[in-house]
Undergrad: 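I'd like to ask you about the structure that follows.
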Amino acid sequence: MVLNKPGEALEYCDLPIPDLEPGKVLLRVQACGICRTDLHIIDGDLRDPKQQLILGHEIVGILEELGKGVTGFTRGQRLGVPWLGGTCGACGYCIAGHENLCDFPRFTGYQINGGFAEYAIADPRFCLPIPDLYSDVEAAPLLCAGLIGFRSLTMVGDAKKISLYGFGAAAHIIIQIARWQGREVFVFTRKGDSKGQNFARSLGAKWAGGSDESPPEPMDAAIIFAPAGELVPVALKAVGKGGVVVCAGIHMSQIPAFSYDLLWGERSIRSVANLTRQDGIDFFEIAQQVPVRTRVEAFPLMEANAAICKLKQGEIKGAAVLVMEK
């Protein structure tokens with residue numbers, strides 16, 4: 001399923017199996033999650049994607065072929081391919097251990113063709129082994145919604161009371177880890193989204209309501225998964241002194257001006273940028289201990305446009321995943 005131009009629907013194309021380059025691996029895709037970042041690319045919010053792009057960066061695949069020079073991997077091995085598809089390894093950020101901030105990164109399903117296809121090429125150094133605990137479809141959302149959500153959760157430190165704004169793929173994973181860690185979670189959804197609020201309560205939310213409501217008590221921290229800039233001052237108002245508001249998306253609408261008193265009291269605002277390979281290792285270790293379970297709605301590859309439409313309209317509770325026809 002190919003994106004020929006931002007703003008257009010994806011087009012079904014019959015393409016040859018991609019050529020295998022030295023140092024890369026060829027994967028036969030089993031499942032690929034649909035992430036909100038994919039929607040931002042389709043809508044043109046993220047600029048300059050690869051031409052005739054195959055989206056998808058929550059890939060679960062079987063290793064079919066190893067390129068020249070690849071060692072430590074075997075045919076038939078199941079691997080996950082996340083958003084971060086490669087880094088330069090030489091800039092100051094890479095050298096300092098902050099590869100997620102690399103000055104010259106390459107992202108899966110953005111500069112590199114992704115997993116909305118039967119086959120995908122990947123750099124095995126940036127792939128992750130998938131625990132046997134998860135099926136292909138269950139594992140797919142963990143590779144971005146899970147990883148970015150996990151990095152966001154680590155940014156709130158030891159906060160005991162946290163609020164989540166938006167309850168989609170990432171939030172429904174991270175609430176499970178937060179509850180396992182002994183935190184209290186308060187969830188904000190779209191106004192009137194009773195199904196989403198009930199879903200949050202079923203996963204252990206202490207309270208769930210609309211984003212137009214105030215939490216019943218002050219928060220220690222907030223994570224904003226919804227790409228709505230107007231939620232930043234709302235979240236700041238809800239956290240107590242010393243609280244942190246984490247903006248977890250790669251794109252957000254404009255943040256409105258707000259009074260300094262919302263930030264005063266050593267409150268802070270942070271953003272999350274991409275992920276590191278260590279994030280993946282740490283996340284999958286914890287996910288198995290919890291154990292994290294994903295709620296997934298699966299669609300055949302050729303129904304990608306219908307799945308994207310449902311996701312945009314907020315009709316997916318949990319995550320949407322494309323599966324390859326057999």
Side-chain angles (χ1 to χ4, degrees), residues 30-38 56-61 77-87 97-102 105 107-109 114-115 122-159 162 164 166-183 185 203-204 221 223-225 244 246-250 270-296 318-321:
Q30 302 297 294
C32 186
I34 304 176
C35 178
R36 183 161 291 279
T37 299
D38 296 316
H57 56 272
E58 296 178 326
I59 307 170
V60 178
Q77 185 175 358
R78 190 170 66 146
L79 295 175
V81 185
W83 170 246
L84 186 65
T87 60
H98 303 299
E99 65 183 12
N100 62 306
L101 302 178
C102 174
F107 298 115
T108 309
D123 185 332
R125 298 173 299 170
F126 290 84
C127 294
L128 296 165
I130 302 297
D132 292 338
L133 177 65
Y134 299 104
S135 69
D136 300 329
V137 173
E138 292 169 335
L142 300 176
L143 289 159
C144 187
L147 285 171
I148 293 299
F150 178 69
R151 187 171 180 87
S152 303
L153 185 62
T154 62
M155 286 187 174
V156 307
D158 60 359
I162 64 173
L164 306 180
F167 201 73
H172 100 282
I173 292 170
I174 293 313
I175 190 175
Q176 297 176 57
I177 296 179
R179 293 293 300 120
W180 179 75
Q181 292 173 335
R183 306 178 197 252
V185 181
L203 290 174
I223 303 174
I224 303 177
F225 290 112
V244 59
V246 179
C247 301
I250 193 170
R270 298 194 63 178
S271 67
V272 172
N274 313 314
L275 65 135
T276 68
R277 284 171 279 185
Q278 190 61 49
D279 288 333
I281 294 168
D282 294 344
F283 169 69
F284 275 111
E285 182 177 333
I286 290 177
Q288 293 176 86
Q289 294 178 50
V290 174
V292 168
R293 294 295 182 183
T294 54
R295 175 168 167 173
V296 171
V321 175

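We number each residue from 1, following the sequence as shown.
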Undergrad: So does Ala145 get a backbone contact from the side chain of Glu58, meaning a donor-acceptor N/O pair under 3.5 Å?
TA: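 Checked: pair present.
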Undergrad: Taking all non-hydrogen atoms of both residues, which atom of Gly56 and which atom of Asp38 are closest, and how far apart?
TA: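 Closest heavy-atom pair between Gly56 and Asp38: N-OD1, 3.5 Å.
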Undergrad: Side-chain donor-acceptor pairs under 3.5 Å in residues 152-159, sequence neighbours left out?
TA:
| unit_1 | atom_1 | unit_2 | atom_2 | d |
| --- | --- | --- | --- | --- |
| Ser152 | OG | Ile148 | O | 2.8 |
| Thr154 | OG1 | Arg151 | O | 2.6 |

Undergrad: With sequence neighbours excluded, what pairs up with Phe167 under the ring pair (Phe, Tyr, Trp, His ring centres under 6.0 Å) test?
TA: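 Here the qualifying residues are Phe199.
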Undergrad: Report yes or no: does Gln176 contribute a side-chain atom to a donor-acceptor pair with the main-chain N or O of Val290 at less than 3.5 Å?
TA: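 No, the answer is negative, given that no donor and acceptor are paired below the 3.5 Å cut-off.
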Undergrad: Testing the basics here: between Asp279 and Thr276, what is the closest heavy-atom pair and its distance to 0.1 Å?
TA: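 Looks like OD2-N, 2.9 Å.
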Undergrad: Verify side chain to side chain contact (heavy atoms under 4.5 Å, CB included) between Arg179 and Leu203, making sure each step is shown before the conclusion.
TA: CA-CA 9 Å; Arg179 293 293 300 120; Leu203 290 174; over 6 Å; no
Undergrad: Which value, rounded to the nearest 0.5 Å, describes the distance between Leu142 atom CG and Phe283 atom CZ?
TA: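 It comes to 4.5 Å.
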Undergrad: If every non-hydrogen atom of Val137 is compared with every non-hydrogen atom of Val321, which pair is closest and at what distance?
TA: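 Scanning both residues completely, I find the closest heavy atoms to be O-CG2, 3.9 Å.
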Undergrad: At their closest point, which heavy atom of Gln181 faces which heavy atom of Arg183, and how far apart are they?
TA: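 Shortest heavy-atom contact: OE1-NE, 2.8 Å.
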Undergrad: Are Pro141 and Ile173 packed together at the side-chain level, in the sense that at least one heavy-atom pair is separated by less than 4.5 angstrom?
TA: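 They are in contact (side-chain heavy atoms under 4.5 Å apart), so the answer is yes.
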Undergrad: Atom CG of Leu84 and atom SG of Cys102: how far apart are they, to the nearest 0.5 Å?
TA: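 Rounded to the nearest 0.5 Å, the CG-SG separation comes out at 8.0 Å.
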Undergrad: For atom CZ of Arg125, is the number of surrounding heavy atoms from other residues, nucleotides or ligands below 6.0 Å larger than 12?
TA: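 Incorrect, the count does not exceed 12.
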Undergrad: Hey, what do you get for CZ (Arg270) to SG (Cys247), rounding to the nearest 0.5 Å?
TA: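 It is 11.0 Å, given to the nearest 0.5 Å.
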Undergrad: Run Arg36 and Phe225 through side chain to side chain contact (heavy atoms under 4.5 Å, CB included) and show every step you take.
TA: CA-CA 10 Å; Arg36 183 161 291 279; Phe225 290 112; over 6 Å; no
Undergrad: Which pair of heavy atoms, one from Leu79 and one from Ile130, lies closest together, and at what distance?
TA: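 Heavy atoms of Leu79 and Ile130 come nearest at C-CG1, 3.9 Å.
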Undergrad: Please examine the side chains of Pro291 and Leu133, heavy atoms only from C-beta on, and report whether any two atoms are closer than 4.5 Å.
TA: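 Leu133 vs Pro291: side chains touch.
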Undergrad: Can you give me the closest heavy-atom contact between Cys32 and Ile59, atom names plus distance?
TA: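 It is SG-CG1, 3.9 Å.
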Undergrad: Tell me every residue that passes ring pair (Phe, Tyr, Trp, His ring centres under 6.0 Å) with Phe107, counting only those two or more places apart in sequence or in another chain.
TA: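 Ring pair (Phe, Tyr, Trp, His ring centres under 6.0 Å) check on Phe107 returns Trp83.
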Undergrad: Decide side chain to side chain contact (heavy atoms under 4.5 Å, CB included) for Ile175 and Leu164; before the verdict, give the C-alpha distance in whole Å, the side-chain angles of both, and the deciding distance to 0.1 Å.
TA: CA-CA 8 Å; Ile175 190 175; Leu164 306 180; 4.2 Å; yes
Undergrad: Under the side chain to side chain contact (heavy atoms under 4.5 Å, CB included) criterion, do His57 and Val81 qualify, and how do the steps go?
TA: CA-CA 6 Å; His57 56 272; Val81 185; over 6 Å; no
Undergrad: What's the spacing between Ile281 CD1 and Glu285 CD if we round to 0.5 Å?
TA: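 So the CD1 of Ile281 and the CD of Glu285 are separated by 9.5 Å.
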Undergrad: Hey, could you give me the CD/CG distance between Glu99 and Leu275, rounded to the nearest 0.5 Å?
TA: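 Glu99 CD to Leu275 CG: 7.5 Å, rounded to 0.5 Å.
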Undergrad: Under 4.5 Å between any side-chain heavy atoms of Asp123 and Phe126, yes or no?
TA: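 When only atoms from C-beta onward are counted, Phe126 and Asp123 do touch, with a gap below 4.5 Å.
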Undergrad: In Å and rounded to the nearest 0.5 Å, what is the CD to SG distance from Gln77 to Cys127?
TA: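 Going from CD on Gln77 over to SG on Cys127, the span is 9.0 Å.
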Undergrad: Do side-chain atoms of Tyr134 reach the backbone of Thr294 as a donor and acceptor pair under 3.5 angstrom?
TA: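 Flag not set: sc Tyr134 to bb Thr294 has no pair under 3.5 Å.
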